[in-house]
Undergrad: 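A single structure is presented below for examination.
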Amino acid sequence: MANILLVEDDKNQQILFAEELRLDGHQVAVVGSGPEAIQAVQSQPPDLVVLDVAMPQMDGIEALGRILAENSRIPVILHTAYGTYRESFMAWAADAYVIKSSDQSELRAEVRRVLANRAKAKNP
Amino acid sequence: MAATREWLSGIYEISKIINATLELGEILDVVARETRRLIDFDRLVLGLLDDTGERLRLLVPVASPGTTRPTGSLIPLDGHVLGEVTRTRQTLSVADLRADPRFPADRPLAEEGVVSCIALPLVSANRILGALAFARREPHPFSGAEAELLHAVAEQVATALDHAKLFAAERKRANHLAIINQVARHALATFDLPTLLSRTATLIQQQFNYYDVSLFMVDRAAREVVLSAQAGAYHAASAIGYRQPLGIGIVGHAADACITVVANDVAQDPHYVVAFEGERASKAELAVPVKLAGQAVGVINVECTEVGAFDQIDVMALETLADLVAQAIENARLVDETVREKQELDDIVSAMGAGVALIDRDLTILWSNKTLNTWFAGGRSAVGQKCHVVHANPAAPCPNCMAKATFNTGEIRTDIQVHHDPSRGPRHYEHIFAPVRDHEGKVREIIMLAFDVTEHARNVEQLALLRRLSELMQGVVELDRLLHLILTCVTAGPGLGFNRAILLLVNDDRTMLEGRLGVGPASHEEAARIWRELAQRAQTLDDVLALFDSPGASTDTAMRYLARQIRIPLSDTSQVPIRALTAQRPILVTDAYADPGVTPHLRSLLGARQFVCVPLIARDTALGAILADNVFSNHPLGGHEVQLLQTYANQAGLAISAAAAYKRLEEQLNELEETRDRLVRSERLAVVGRLAAHVAHEIRNPLATIGGFTRAMLRSPDDTPKVERNARIILEEVERLEQILANVMNFTKPGSPVCRERDINESVEAICAFHEHVFAERKITVHKSLDPNCPILRFDPDQMRQVLLNLCQNAIESMPHGGELTVLTRALDDRVEVVIADTGQGMTESVLESMFQPFFTTKPGGTGLGLSVCQKIIHDHGGDILIRSRPGAGSSVTVTLPIPENSADS
């Protein structure tokens, strides 16, 4: 139901996460790096960004900063295999922090929640 | 006529008797007796002319002595009847002496019964000998006939007199000769000058029957004569040593002028002085100088109570005696000098403290001095014994006999030996052997000097020990061993002068001083045994220490036990050890039984009268004390021993404190090591933690992918293309997981290379072969150049494969659109280089900097471990890895491997 930008450098994971998110009816656009994500946000702002952290050239945290600088209202979900940044994500003004697991249900649930919150915020 | 006949027979009788005797005294007696038979008279006196011819010596018969003119009186010729007759050679008759004006000197005789007299000349061989006088109490002159008779008597008397005189002279001479002989014999029998002089004086006085005989010696320096011997009347009055100036008196004059002085009437002699009251009795004096080399060295002086007592014979006799005395004096002086020189020599040699011996070629001692006898022969003479018997080794000559060496080479040799005196312990002697050459220059005998250098040797030993001790102590940090070593060095060898030593240490609370260790023999027997052992086995310092320096040696048990019984509270400052400790100064106890600072307990424990206590100080802290004594050798303890022990103690204190410091240091080091280990462990943990975090991340990704696609497959199992796609992806991820695992395992494994001898070219070839299809796929051209001169290297083949694989893969991955790969090996002098170069995208400087860091990766999905592992492997092989790169142009990795020492070329 929403336009989601998936930022993920791992090819296989690109396929997997996109398919999973589409199961919920979302439109999923996929980019493979930080710079591409920024460009995409600029050209076609999505409703939500699902952002990987460990990426070459520009990692997810830097990308997050730039994306929010570009458009501070876009909700971003950090989606990473790192378990250690969970405590910090609020400092980075991400809306959610999901650890990659073999079960994508948490991701899907967080997407739903964040989208709902934004909708609520928009329409009190 | 009858009278004449009587008279003739009487004269005959007289002559017969007179001629039968040569004694003057007898002659007179006979004359008096026989003449009285014929003529009546009261007195008879004989006057003999003396040598001077100016005086008459009077003789009277023994039977009728006169008081005024006893035998021996001297009268001048003038004024006397006898003198007149002697002079005129004419008989003279005097009717009354009292009235006759011609003889005033004789007048006093009248009171003695000499009134009228007749005096007859005594003439023999036409020489006037004197006169004979007969006197009567009454003034009754002698008749002509009487005169004739008496004249005949006088003739007889004159003849007899002449004979007697001659005889007397001869006998006197004979006497003199005999006496001279006697004196000579005595003189030659003694070299003791005072005895000689005394004996000479006595002999002369006795034989010649002089009144007084004195012998003076001349003191040229003081210009005096010194009375040196005396016999006779003045003995009691004057003392030996009495002095008189040269030139004064008859003696002084004789000494000064070096001439014989005959003063037959001292009253007339200008030189005469009366030395003391009693001397007035002397009337005649004869002083004969004792001459040596033309100078008077003494004077023989004789005095007589008769005027005119000395004649030529006396003078000659005394002069002869004087010569004898001179000779004897000279002899005595020479002997004295010799004795003194010998004594001086002995004294010098004794003062040197050297033993001296004369040794012949057979090493027999020909002569030895007292010192040598005392040192080596127990006080008995060493003469006749062999040199080595007397010295160190009985039975056989010494191994390097220096005496023999001196005989053989003729050069001075020295050696040092130890001699064991049972009472004094070992003494060190330095010997000097010097050759004695005869007139042909051959060495027939040698002189050996022995010097007791024990003190010196002891000092040298002690200094050497001190140095060795400090060397040893520097190497010993175990406290107990150090303490034992210290005590051993204090007691080791009798040369140090200590038999036993005890170490006391202050306890940790600093409340008590406790005995910790004791070293030394437990009894005299043990001590003697140890000394013997030392003498036989321990020739060097290290030998001594080896013998003694083992903790728990049997000799220590008793002493250690003893030591442990000493416990003294530090508060008891009256006790010697505490005093030494607090004052930080050594204390020498000379009598343990009398010293109030020694408790009965300590006294009975030690059982020694004398001991030293020195404090052990280190940097102003009192650590403890050392007690030491000489209870077995009884070598007295003096300032020197105390000083020595204190020096040891100072070093020991430092060593002990160093050992303690070392121990603390060790402990600190251990702590540090532990801390470091902990740090390392925690670092490792940290790394592992980081690693774990990274691995978790690395594993999660594939897991998420695998899990996701599996679920998708389960959700839509009939969607075959998707299922196939998913399965393929799953497999890919699984492989990726395996790779990660492998990387992780490689990183955490210790990874010490197991080296084999291999050809590096082979390994490189293998890797190239492995990637052949990849090169083809990716359109990569490979330029291979392997140096045939590469020697066989030593490396772990598996690890090397891993490295080459990694590098190769990096190179391949850097050229996704193809390119050129250069692989080469290069043999240099001391190393081999393997180069893998690509024409790929290259790397920036910042990337280059971080290349070898673990977890650094530019690759998507890379673990970042590959290059760090490669570097570790190469470093483990002793090699190096270097990367050069230019972005856009490519990279080049050079691996350097060392060539092993003995390597063959391939």
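Chain letters run A, B, ... following the sequence lines, proteins first and then strands; every chain starts at 1.
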Undergrad: Charged N to carboxylate O below 4.0 Å: is that the case for Arg66(A) and Glu62(A)?
TA: yes

Undergrad: Tell me the closest heavy-atom pair linking Ala37(A) and Ile67(A), and the distance in Å.
TA: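 So the two residues come closest at CB-CD1, 4.2 Å.
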
Undergrad: Please determine if Arg118(A) and Asp47(A) form a salt bridge, counting it only when a charged side-chain N lies under 4.0 Å from a carboxylate O.
TA: no

Undergrad: Less than 4.5 Å to any heavy atom of chain B: does that hold for the side chain of Leu23(A), its backbone, both, or neither?
TA: side chain

Undergrad: Any salt bridge between Arg108(A) and Asp103(A), counting N to O under 4.0 Å?
TA: no

Undergrad: Based on non-hydrogen pairs under 4.5 Å, which of Asn701(B), Ile729(B), Ile699(B) is most in contact with chain A?
TA: Asn701(B)

Undergrad: Anything in residues 881-894 of chain B with a heavy-atom distance to chain A below 4.5 Å? Please list those residues in order.
TA: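 The list, in residue order, is empty: none.
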
Undergrad: Quick one: of Gln13(A), Gln104(A), Lys100(A), who has the most non-hydrogen atom pairs under 4.5 Å with chain B?
TA: Gln13(A)

Undergrad: Is it true that Arg715(B) and Glu19(A) make a salt bridge, defined as a side-chain N closer than 4.0 Å to a carboxylate O?
TA: no

Undergrad: Going by side-chain hydrogen bond (donor to acceptor under 3.5 Å, both in side chains), name the residues that satisfy it together with Arg711(B), two or more places apart in sequence or in a different chain.
TA: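 Checked Arg711(B) against side-chain hydrogen bond (donor to acceptor under 3.5 Å, both in side chains); zero matches.
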
Undergrad: Heavy atoms only, distances under 4.5 angstrom: which of Thr710(B), Thr705(B), Asn726(B) has the most pairs with chain A? Name it, please.
TA: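 The answer is Thr705(B).
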
Undergrad: Check whether NZ of the Lys or CZ of the Arg Arg801(B) lies under 6.0 Å from the centre of the six-membered ring of Phe795(B) and within 45 degrees of that ring's axis.
TA: no

Undergrad: Please check this pair: side chain of Ser716(B) against backbone of Met713(B), looking for a donor-acceptor N/O pair closer than 3.5 Å.
TA: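 Not at all, since once roles are kept as given, no pair shorter than 3.5 Å links the two residues.
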
Undergrad: Under a 4.5 Å heavy-atom cutoff, which of Ala712(B), Pro702(B), Ala704(B) has the most pairs with chain A?
TA: Ala704(B)

Undergrad: Would you call Arg113(A)-Glu110(A) a salt bridge at under 4.0 Å N-O?
TA: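 Looking at Arg113(A) and Glu110(A), the cut-off is met.
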
Undergrad: Under a 4.5 Å heavy-atom cut-off, does chain A meet the side chain of Leu703(B), its backbone, both or neither?
TA: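 Just its backbone gets close to chain A.
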
